[in-house]
**Student:** 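Could you have a look at this structure, given as structure tokens, before my questions?
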Amino acid sequence: MSSAKKQYKRITTKTLVEMKKKGEKIAMLTAYDYTMAKIIDHAGIDIILVGDSASNVMAGHETTLPITLDQMIYHASSVIRAIERCLVVVDLPFGTYQGNSRQALDSAIRIMKESGGHSVKLEGGEEIAESVTRILSAGIPVMGHLGLTPQSIYKFGTYTVRAKEEEEALKLKSDAKLLEELGCFAVVLEKVPSKLAREVAESVSIPVIGIGAGDGVDGQVLVTHDMLGMTHEFSPRFLRRYLDLYMEMGDAFRRYISDVKSRDFPNEEEQY
Ligand code: KIV
């Protein structure tokens, strides 16, 4: 029996640790739907993150806080149907794991059972250690997320660079160590000074994936809609735009509207 899926060597959490050992950088992007996930997976990405940034990008919320577990499961299952090769990480949304490890385990189990995702990501360090341990004990791989953790935006007050001061930098380093010791397979570091991010990456054996964390880490992640230039309002220094799809898609939509209005579309060949 042959199937297209068998042509690919799947990326696992073990592959990622091996990549770090070999010094091979890890590429990660977000996806929330089938079509985008298929394109990204076929392009050869290592990890797709079904991020709770879906709350901003797909639903238009100001923060990541409103998205629900059911909505994350919907997005993740659409992504899972598309992929053949990469590892899929699914964010546990705000309010589904903080402060109650039993609830954290139930949430992670729902993600794995109902979406088919391969792993979950949680924001925070010491304060969520019990939840991380309990999820890991059920055999569910966990990715950590430190630095700027958008689910805590109302505590931080702004989206500026984190851990510039020594106290916060020390906590971040010890949180990264703790996540490694607990058994997380990787950790995302968001918007922290590159020197600190490099130190963290050098101090742990698990891959550190950066977003706005410089070039000393083991891999990079971007929000796909941002790197494609579909979003315009968000322009942080760390963001490299590979396309200006806001303009290009706008042009295509304007041409279509004009063709319909002018009766150019559909032409003879475009009808039955
Ligand atoms: O939700 C998300 O897209 C993320 C990335 C910014 C790392 O957590």
Side-chain angles (χ1 to χ4, degrees), residues 16 25-33 36-37 40 45-69 71-76 78-79 86-98 107-108 111 115 117 119-125 128 132 142-153 156 158-163 172 175-176 179 184-192 197 200-201 206-214 217-228 230-231 233-241:
L16 302 173
K25 296 283 184 185
I26 298 163
M28 168 163 150
L29 283 170
T30 60
Y32 321 107
D33 68 274
M36 190 72 91
I40 296 172
I45 203 77
D46 299 310
I47 309 174
I48 284 183
L49 169 65
V50 185
D52 58 359
S53 50
S55 178
N56 313 105
V57 175
M58 303 305 282
H61 292 295
E62 207 177 307
T63 71
T64 58
L65 276 65
I67 200 159
T68 66
L69 189 57
Q71 288 165 339
M72 287 303 296
I73 289 168
Y74 168 78
H75 287 298
S78 307
V79 166
C86 69
L87 183 86
V88 176
V89 181
V90 185
D91 265 339
L92 280 191
F94 176 69
T96 66
Y97 62 93
Q98 295 96 339
S107 305
I111 296 259
S115 78
S119 57
V120 296
K121 175 162 80 60
L122 281 69
E123 294 184 7
I128 56 149
V132 169
V142 175
M143 176 181 268
H145 185 154
L146 299 170
L148 176 64
T149 46
Q151 292 178 11
S152 308
I153 189 58
F156 299 147
T158 67
Y159 286 98
T160 50
V161 180
R162 304 302 312 172
L172 189 143
D175 278 344
L179 292 174
C184 288
F185 71 90
V187 57
V188 165
L189 268 194
E190 181 164 353
K191 241 180 161 183
V192 299
V200 172
I206 56 173
V208 174
I209 318 281
I211 172 162
V217 289
D218 307 301
Q220 301 291 330
V221 55
L222 286 176
V223 170
T224 296
H225 291 65
D226 295 335
M227 61 84 82
L228 292 177
M230 292 172 89
T231 50
E233 54 288 341
F234 182 66
S235 235
R237 171 171 165 173
F238 68 76
L239 175 61
R240 183 178 293 182
R241 286 211 165 88

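We count ligands from 1, going down the list as the structure has it; atoms in each ligand are counted the same way. Since the structure is predicted, the reported quantities are computational estimates derived from the model, not experimental observations.
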**Student:** Applying side-chain contact (heavy atoms from CB on, under 4.5 Å), can you list everything that pairs with F238, at least two apart in sequence or on another chain?
**Tutor:** K191, I211, L222, F234, P236
**Student:** I'd like to check the side-chain contact (heavy atoms from CB on, under 4.5 Å) partners of F94; sequence neighbours left out, ordered by chain and number.
**Tutor:** L65, Q98, Q151
**Student:** Only counting residues at least two apart or in another chain, list the ones meeting salt bridge (charged side-chain N to carboxylate O under 4.0 Å, His left out) with D226.
**Tutor:** none
**Student:** Between S235 and R241, is there a side-chain donor-acceptor contact under 3.5 Å, judged purely by atom types and distance?
**Tutor:** yes
**Student:** In this structure, are over 12 heavy atoms from other groups packed under 6.0 Å from Y74 atom OH?
**Tutor:** no
**Student:** Tabulate distances under 3.5 Å between N/O atoms of ligand 1 and N/O atoms of the protein, writing both atom names on each line.
**Tutor:**
unit_1, atom_1, unit_2, atom_2, d
ligand 1, 1 (O), D52, N, 3.2
ligand 1, 1 (O), D52, OD1, 3.1
ligand 1, 1 (O), S53, N, 3.1
ligand 1, 1 (O), S53, OG, 3.2
ligand 1, 1 (O), D91, OD2, 3.1
ligand 1, 3 (O), S53, OG, 2.5
ligand 1, 8 (O), K121, NZ, 2.9

**Student:** Under 3.5 Å, is there a donor on one side chain and an acceptor on the other for Y32 and S53?
**Tutor:** yes
